[in-house]
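Accompanying notes for the structure given below.
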Amino acid sequence: MFALVDAVAFYASAEKVFDPSIRFKPVVVLTNNDGCICAICPIARKLNIPKFQPYFKVKNYLEQHNVVVRSSNYELYADLSDRMMTVINRFCDDHYVYSIDESFLRFTGFTKIIDDWADYGQTIRRAVWRETGLPVGVGFGTTPTLAKAANHAAKKLSGYNGVAVINDEHSRQAILTRMDVTDVWGIGSRLGKKLKFMGINTAWELACQNPKAMRRMFSVVVERTVSELNGIACLSWDEVKQNKKEIYSTRSFGERVCDITTLKSALVTHAAIVGRKLRDQHSLAKRIVIFAASSPHEEFYYKKSLLYEFPIPTSDTSVMAKAVSDVINDIFKVNTRFYRCGIGAIELESEIFQQADMFSVSEDKPRMMECLDAINKRYGVGTLSIGSEKLTQTWNMKRAFLSPHYTTRWSDIPIIKCN
DNA sequence: TCTGGGGTCCTAGGACCC
DNA sequence: TCTGGGGTCCTAGGACCC
């Protein structure tokens with residue numbers, strides 16, 4: 001048995017945890033640089049606010065309806081995510097954190113003990129709510145795709161109250177027939193359109209297709225999805241938990257960047273983020289892409305992207321920073337208003353297979369990164385960083401509606417006033 | 001005044017080579 | 001005069017997710 005647990009409108013709910021004054025108001029959270037709307041709380045959802053619309057286009061509408069707007073407070077969300085995952089971790093023997101607000105649970109030893117999954121789901125929900133203040137939905141299913149579907153039902157369909165279980169033919173049919181085909185994990189708007197053209201409108205109708213035929217018409221991915229909807233596991237647990245094959249860090253600037261020093265320091269910061277993520281999953285990058293671009297919305301679009309190959313695969317931030325230095329002059333172009341930039345590690349291999357470098361002089365390099373990670377984990381990201389990250393700080397994000405860092409900064413600790 | 005997210009995986013098609 | 005194959009690597013862009 002699998003379960004998928006995720007938070008209801010995570011960013012928006014996180015904003016409400018330490019701010020009771022907005023708890024019963026419509027709240028939306030914006031993406032980086034206050035660009036688009038990325039989270040809409042259930043109260044705001046009733047106003048039919050479109051997700052991922054540019055903020056400036058719906059600003060008036062939000063004001064008219066007294067919607068509370070918040071910038072992304074990633075520090076707060078990351079910390080609340082940790083807390084939430086720590087609680088969830090108690091409830092299964094195998095836990096995989098899939099994204100900042102979603103995690104898969106697998107029950108092997110537990111299966112014999114638990115006879116009422118719905119009740120168990122409510123126990124998880126209550127524990128997370130009590131200990132973090134975050135509302136979550138819990139979906140159980142015999143495959144990861146069915147657990148995803150049940151989770152959708154738990155949060156979106158009436159009569160489930162936050163927990164849904166697919167563990168027999170009856171429950172499977174009851175949920176899948178009420179689910180739009182585009183709400184199936186892996187079926188997006190594009191595939192959805194084609195499927196609907198073929199008369200396949202619900203998840204149930206998709207499940208009734210011949211998997212082999214789906215493979216011919218679309219891809220192995222759709223074939224797998226059909227099988228999984230029928231309770232046939234195609235994604236092994238190891239596959240679900242697989243390491244990333246590519247790791248990117250990209251960001252748009254709060255203000256356009258026109259000078260090479262600022263661009264370089266931004267790229268080194270991305271190198272640091274990619275390096276940490278590589279080390280987290282014990283991977284090394286053989287090659288990285290380094291890119292910078294102007295805005296695609298402007299008349300003259302400029303984009304330059306370069307491949308950089310390391311003689312020895314690495315996850316060392318300082319080595320990647322050196323790569324940035326090497327190529328920055330080829331990427332930078334004068335009189336260009338840079339809008340975003342980033343770094344992606346695209347060819348990864350496992351640390352286990354690391355070739356010893358015959359000419360290496362600094363044997364302690366990996367330990368230096370270990371030390372850096374440990375300090376940043378303890379005292380916050382950015383406590384220790386590469387010198388060239390700090391060359392300038394002018395490219396910071398635009399975050400006009402930022403809430404306090406309630407849980408990660410002494411100065412931001414919430415105060416309760418008693419009269 | 002001007003403003004438009006971030007991440008991962010996959011594939012079609014072009015460039016280049018022999 | 002006109003026509004002919006197959007592999008690798010790279011890039012851009014599509015598709016999906018939240």
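Chain letters run A, B, ... following the sequence lines, proteins first, then strands; residues in each count from 1. Computed over heavy atoms, backbone and side chain alike; hydrogens, waters and symmetry mates excluded.
Cation-pi geometry between Lys286(A) and Phe310(A) is not met at under 6.0 angstrom from the ring centre and within 45 degrees of the axis.
Side chain of Ser252(A), nearest nucleotide from dA15(C), dG6(B), dC18(C): dG6(B). Comparing dG7(B), dT8(B), dG4(B) by their nearest atom to the side chain of Thr250(A) picks out dG7(B). The Lys245(A) side chain lies nearest to dC10(B) when the options are dT8(B), dT11(C), dC10(B). For Arg190(A), counting side-chain heavy atoms from C-beta on, the closest listed nucleotide (dA15(C), dC17(C), dG4(B)) is dA15(C).
Val29(A) comes within 4.0 angstrom of nothing in the nucleic acid, heavy atoms only. In this structure, Ile187(A) reaches the sugar-phosphate backbone alone: every heavy-atom distance under 4.0 Å involves primed, P, OP1 or OP2 atoms, never a base. Asp101(A) comes within 4.0 angstrom of sugar-phosphate atoms only, judged by non-hydrogen atoms across all strands, and of no base. Residue-level contact check: Leu307(A) touches the backbone only, with heavy atoms under 4.0 Å from sugar-phosphate atoms and none from bases. Lys194(A) comes within contact range of no nucleotide atom at all, as no heavy-atom separation falls under 4.0 Å. In this structure, Ser249(A) reaches the sugar-phosphate backbone alone: every heavy-atom distance under 4.0 Å involves primed, P, OP1 or OP2 atoms, never a base. Within 4.0 Å of Phe10(A), counting heavy atoms only, lies no atom of the nucleic acid at all. Contacts of Gln53(A) with the nucleic acid, taken as non-hydrogen atoms under 4.0 Å apart, are absent. Counting non-hydrogen atoms under 4.0 angstrom, Ser295(A) reaches nothing in the nucleic acid.
With Ser403(A) as reference, Glu15(A) is the one residue of Glu15(A), Lys16(A), Arg70(A) to meet the side chain to side chain donor-acceptor pair (under 3.5 Å) rule.
The 5' end of DNA chain C is approached more closely, in terms of each residue's nearest nucleotide, by Arg287(A) than by the other of Tyr301(A) and Arg287(A). Nearest-nucleotide assignment on DNA chain B puts the 5′-proximal partner with Thr31(A), out of Thr31(A) and Gln242(A). In this structure, Asn32(A) and Arg337(A) both approach DNA chain B, and ranking their closest nucleotides by distance from the 5' end singles out Arg337(A).
As rounded to the nearest Å, dC18(B) and dG4(C) have C1' atoms that lie 14 Å from one another.
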Item checked: CA sep, side-chain torsions, deciding dist, call: Asp19(A), Arg23(A), salt bridge (Lys or Arg N to Asp or Glu O under 4.0 Å) -> CA-CA 7 Å; Asp19(A) 189 351; Arg23(A) 205 160 285 170; over 6 Å; no
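Between Lys277(A) and dG6(B) there is no side-chain N or O to OP1 or OP2 distance below 4.0 Å. Taking 4.0 angstrom as the limit, Arg251(A) places a side-chain polar atom (N or O) nearer than this to OP1 or OP2 of dG6(B).
Taking the charged nitrogens against the carboxylate oxygens, Arg279(A) and Asp316(A) have no contact shorter than 4.0 Å, which rules out a salt bridge.
Here the two rings, on Phe401(A) and Tyr55(A), have centers that are under 6.0 Å apart.
In this structure, dC9(B) forms a base pair with dG14(C), meeting either the Watson-Crick or the G-U wobble geometry with both donor-acceptor distances under 3.5 Å.
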